[in-house]
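Read the structure below first, then the notes.
Naming: A, B, ... by sequence-line order, numbering from 1 per chain.
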Protein chains: 2
Amino acid sequence: MPKRVDHEAVRQEIAEALWRIASQRGLDGASLREVAHEAGISLGRLQHYFASKDDMLVFASNHISELADRQIRARLAGAFPDRPPTPYELLRVCLRGMLPLDDNTRTGILVQIAYFSRAVRDARMREPARKGIPPLLTWFAELLRTAVDRGEIAADRDLGAEAMLLLALTDGLTTYTLLDVHEAERAAELVDYHLGRLFQGRADTH
Amino acid sequence: MPKRVDHEAVRQEIAEALWRIASQRGLDGASLREVAHEAGISLGRLQHYFASKDDMLVFASNHISELADRQIRARLAGAFPDRPPTPYELLRVCLRGMLPLDDNTRTGILVQIAYFSRAVRDARMREPARKGIPPLLTWFAELLRTAVDRGEIAADRDLGAEAMLLLALTDGLTTYTLLDVHEAERAAELVDYHLGRLFQGRADTH
DNA sequence: CACCTTCCAAGTCAGTTGTATTGGAACCTT
DNA sequence: AAGGTTCCAATACAACTGACTTGGAAGGTG
């Protein structure tokens with residue numbers, strides 16, 4: 001077999017070129033030629049690695065989800081080098097990681113929004129979200145359960161509801177941050193405010 | 001002067017045709033020809049009323065904002081025919097009106113998302129949101145202030161923060177509703193849960 | 001009635017799009 | 001070294017886009 005090329009590596013580079021363009025012009029504004037040019041390759045090469053534009057979009061979606069996931073995990077691992085983190089700390093770092101506080105995350109969110117605006121109209125593109133969110137919610141709820149056991153959260157809270165509220169709240173604040181209604185730092189403050197209310201036993205910990 | 005045609009009426013009809021298409025195919029998927037066909041007119045007629053596609057998009061954006069605003073006000077007025085509503089009731093009806101609980105509202109939200117996904121990349125399209133949200137937040141905060149005075153909300157709450165949280169929360173829940181993570185009714189329940197927590201003095205009122 | 005402005009349908013145009021085709025270079029295997 | 005497969009650049013193509021031009025119908029006004 002001739003000419004060995006790392007398919008996956010090329011596809012990832014193309015996906016990242018798409019990423020850069022989609023964050024500025026949206027998914028519809030990203031033509032194959034433009035993505036190829038941004039990736040520094042010819043249209044022919046790009047087409048050799050993706051049979052259709054849809055193929056490229058789907059692959060890039062998965063690739064970007066993986067990157068975001070890896071980034072959050074790295075952040076979580078790096079934030080607590082020695083001391084094991086409390087549920088409060090874990091949640092706070094995780095939620096902050098979803099806010100557009102730095103340029104990298106901000107760009108990633110813009111791409112997610114480009115996919116989101118297509119997913120609300122296309123059931124096929126909704127699948128990744130539909131499958132990925134429940135585990136996250138379960139993890140949130142488990143953290144909250146631990147916090148209740150530690151006496152940091154009132155026992156009468158509905159943890160499944162609180163988990164969903166945390167997620168929705170953070171996303172909503174991101175929305176209004178990107179619309180320039182308030183600064184990203186303000187969104188972070190509001191998440192802290194909400195978390196402080198939830199963790200009444202340690203409301204003094206910011 | 002010859003041939004009087006109600007310009008505004010024609011423009012509104014075109015805007016509503018755009019609305020129908022954009023909710024299914026997005027703003028980029030709505031070509032002038034398709035909008036004209038949906039409106040039951042020729043491309044030439046459409047172009048007579050809008051100098052450019054951008055013109056049409058901007059007009060439709062304003063028109064749709066007005067419609068949504070009017071619908072919320074009508075709902076508020078109709079929900080309490082005789083008895084003057086409490087702050088809790090007002091907030092609840094208003095927030096419920098922002099959730100995709102019926103097909104009409106759902107379609108409207110899909111159009112808003114189409115505009116939103118463009119606004120996050122185009123500062124010019126951010127202006128309407130940037131200007132429109134603060135008054136809404138102020139109104140929310142005023143309602144909350146009244147509720148505090150009535151002893152329905154704890155005095156140590158940050159009302160500005162709570163107002164923003166309510167808005168962000170509702171938007172975030174709408175997001176996950178449209179992604180099929182949960183049902184619209186579940187989103188409504190979660191809003192009620194949050195409101196019930198906020199209005200501790202009357203947590204029994206659903 | 002004659003006139004003139006508004007209105008609008010049809011067609012044209014240059015540009016861009018995703019996809020398909022072609023031809024040959026690169027390179028591993030036998 | 002021969003052969004066959006992978007790789008990829010160039011080109012072509014049909015479809016569609018937004019914008020523009022043209023010609024004439026509609027219908028008040030003088």
**OP:** Kindly assign one of parallel, tilted or perpendicular to the pair A:Phe50 and A:Phe59, based on the angle between their ring planes and the thresholds 30° and 60°.
**Re:** tilted

Subject >> SB check B:Asp102 B:Arg106 (cutoff 4.0 Å) >> reply: no

Original post:
Of B:Ile41 and A:Ser31, whose closest DNA chain C nucleotide lies nearer the 5' terminus?
Top reply: B:Ile41

Original post:
Tell me, which of residues 16-26 of chain B have any heavy atom that sits under 4.0 Å from an atom in DNA chain D?
Top reply: none

Subject >> Distance (rounded to the nearest 0.5 Å) between B:Arg25 CZ and B:Glu34 CD >> reply: 4.0 Å

**OP:** Flag yes if more than 12 heavy atoms outside A:Arg75 fall under 6.0 Å of its CZ atom; otherwise flag no.
**Re:** yes

**OP:** For side chain to side chain contact (heavy atoms under 4.5 Å, CB included), just list the numbers for A:Lys53 and A:Val35, CA-CA rounded to whole Å, side-chain angles, deciding distance to a tenth of an Å, and then say yes or no.
**Re:** CA-CA 11 Å; A:Lys53 185 175 185 179; A:Val35 173; over 6 Å; no

**OP:** Could you state the atom-to-atom distance from CG of A:Leu32 to P of D:dA9 in whole Å?
**Re:** 15 Å

**OP:** List in numerical order all residues of residues 42-64 of chain B for which some heavy atom is under 4.0 Å away from an atom belonging to DNA chain C.
**Re:** B:Ser42, B:Gly44, B:Arg45, B:His48, B:Tyr49

Subject >> Any A:Leu159 side-chain heavy atom under 4.5 Å of A:Arg157 side chain >> reply: yes

Original post:
What distance separates B:Leu195 CG from B:Leu190 CG, expressed to the nearest 0.5 Å?
Top reply: 11.0 Å

Original post:
Taking atom types as modelled and ignoring hydrogens, do the side chains of A:Tyr176 and B:Asp171 form a donor-acceptor contact shorter than 3.5 angstrom?
Top reply: yes

**OP:** Calculate the interatomic distance between A:Leu27 atom CG and C:dT17 atom C1'; express it in whole Å.
**Re:** 15 Å

Original post:
Given D:dT6, is OP1 or OP2 found less than 4.0 Å from the side-chain N or O atoms of A:His7?
Top reply: no

Subject >> Whole-Å distance separating the CZ atom of B:Arg33 from the P atom of C:dA10 >> reply: 13 Å

